[in-house]
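In each ligand, atom 1 is the first atom listed, and ligand 1 is the first ligand listed.
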Amino acid sequence: MTDTIIVGAGAAGCMAAVQAARFGKTVLLFEKNQQTGRKLRITGKGRCNVTNNSTMQEHMNNIPVNPRFLYSAFSNFDSSDTMAFFEELGVPLKTERGNRVFPVSDKAEDIVNALNREMERLGVEIVNKRVSALIIEDGVCKGVRAGGREYLSNSVLIACGGCSYPKTGSDGDGHTLAESAGHTVTELKPSLVPLVSPDKYCAELMGLSLRNVTLSLYDGDKLLYSEMGEMLFTHFGVSGPLVLSASSHIRSIAPDRCRISIDLKPALSPEQLDARIQRDFAENLNRDFINGIRKLLPAKLIPVITKLSGIAPEQKINSITREQRRRFGELIKAFPVRISGFRPLDEAIITSGGVSVKEIDPKTMESKLVSGLYFAGEVIDVDAYTGGFNLQIAFSTAYTAALYM
Ligand SMILES: Cc1cc2nc3c(=O)[nH]c(=O)nc-3n(C[C@H](O)[C@H](O)[C@H](O)COP(=O)(O)OP(=O)(O)OC[C@H]3O[C@@H](n4cnc5c(N)ncnc54)[C@H](O)[C@@H]3O)c2cc1C
């Protein structure tokens with residue numbers, strides 16, 4: 001018999017284990033992988049964007065789904081608490097563009113190691129087994145089953161994550177366990193995910209990475225998202241930081257409505273760009289169009305944009321009409337890519353959807369259906385944009401559950 005059983009040694013499970021042990025509870029932490037924090041190790045491209053150094057309001061603004069559910073959890077443990085927590089454990093942090101917080105070492109491993117050291121110091125017992133079932137009697141959660149054995153406890157926390165990047169261990173078990181306790185799991189969808197395009201030229205541009213461009217996402221004529229940054233063309237469509245962020249603004253993709261528009265020269269107004277094009281043209285008057293625009297755009301883009309412009313590649317620059325030049329300038333300011341779908345859930349950074357927040361007490365993270373059963377992290381139906389907000393959700397909900405378990 002132990003005070004608390006935690007299922008899943010990811011961001012939420014490890015934080016909850018540390019906090020519960022600090023509150024004096026005995027903790028059994030179940031993890032089906034041989035190591036803890038497999039997903040944590042790959043966060044932020046191996047650098048771990050551990051939180052966002054900003055106000056609670058800013059966090060709320062970056063959580064499109066169920067932000068109000070998190071109000072108490074953020075009040076209990078916010079981004080300044082996360083930063084203090086890791087710095088006290090010997091991981092110096094730095095704040096970068098967009099208030100994104102990383103370890104000074106740029107190593108996600110340092111975050112995992114700090115959690116592991118603290119769990120060891122506090123005597124958290126880690127059991128490397130997959131939890132296959134909850135033990136529930138008369139509406140009370142009494143423990144779990146794992147490896148053919150029963151483990152009893154006063155409370156159980158489900159911190160199994162979502163179902164994206166399933167190779168890291170978060171493959172949907174948390175949702176199955178929640179459903180076995182009578183909980184509703186809302187529709188699971190990929191979020192922060194690459195996007196599929198029917199435009200064949202994306203494949204021609206495969207591998208082309210664009211920096212300092214502005215990506216605007218539209219549903220019909222409605223602007224859903226616009227931001228400057230980096231993106232990438234792939235064999236199926238588009239990816240990269242701007243695209244992942246844009247994807248979380250799409251609720252559903254209706255045929256022929258969703259599109260992105262890329263401003264390849266956001267620093268130039270249309271007039272400034274036209275002046276620049278005229279200068280380049282003046283230097284290349286007797287050359288073919290396709291050869292006269294080399295200074296303006298990345299080489300891989302030139303054949304594609306030439307085709308889209310309707311200007312013959314071999315047309316002499318000196319014969320380009322004002323209308324053709326205007327159309328070419330428009331393409332540079334609004335390079336079009338139609339969007340027809342999301343890449344699958346297992347390629348998504350996060351899972352949108354999860355255990356319904358209507359069935360979890362936001363003050364305690366306890367199930368409203370089964371007493372002694374708690375939830376933390378991505379298994380819950382909350383998700384955020386990029387910037388460290390998703391890990392902060394995991395840490396805040398974990399701390400809150402640990403307070404009450
Ligand atoms: C590539 C990538 C990069 C990311 N980068 C960032 C970032 O920089 N910043 C950010 O804020 N967010 C980032 N995220 C999102 C963030 O990693 C997740 O939101 C966060 O890890 C969720 O924490 P969690 O504890 O709920 O789940 P997880 O971290 O997924 O942990 C769940 C754990 O539960 C274990 N488990 C599952 N089922 C069972 C079972 N039945 N029995 C025992 N154990 C079980 C799993 O093995 C896993 O270890 C990234 C995600 C990905 C995929």
Can you confirm if the NZ or CZ of R130 lies within 45° of the ring axis of F30 and under 6.0 Å from the centre of its six-membered ring?
no
Is it possible for you to check whether R149 lies under 6.0 Å from the centre of the six-membered ring of Y151, through NZ or CZ, and within 45° of that ring's axis?
yes
With backbone taken as N, CA, C and O and side chain as the heavy atoms from C-beta onward, which portion of E378 lies under 4.0 Å from ligand 1: side chain, backbone, both, or neither?
both
Mind checking whether N33 contacts ligand 1 via backbone (N, CA, C, O), side chain (CB onward), both or neither, at a 4.0 Å heavy-atom cut-off?
side chain
Below 3.5 Å, N or O to N or O, backbone or side chain included: is there any such pair between A12 and ligand 1?
yes
Heavy-atom closest pair (E359 atom, T184 atom, distance to 0.1 Å) is OE2-OG1, 2.5 Å
Run the numbers for me: atoms of ligand 1, each under 4.0 Å from some heavy atom of [X], listed by number.
X: A159; value: 32 (C), 33 (C), 34 (O)
X: S170; value: 30 (O), 46 (C)
X: G10; value: 25 (O), 29 (O), 31 (O), 33 (C)
X: G44; value: 3 (C), 4 (C), 5 (N), 6 (C), 7 (C), 8 (O)

Residue, atom and distance of the protein heavy atom nearest atom 34 (O) of ligand 1 read G8 CA, 3.1 Å
Ring centroid separation for [X] and [Y], is it under 6.0 angstrom?
X: Y201; Y: F335; result: yes
X: Y399; Y: F85; result: no
X: F395; Y: F86; result: yes

Any heavy atom of L40 sitting closer than 4.0 Å to ligand 1?
no
Return yes when E31 approaches ligand 1 closer than 4.0 angstrom through a heavy atom, no otherwise.
yes
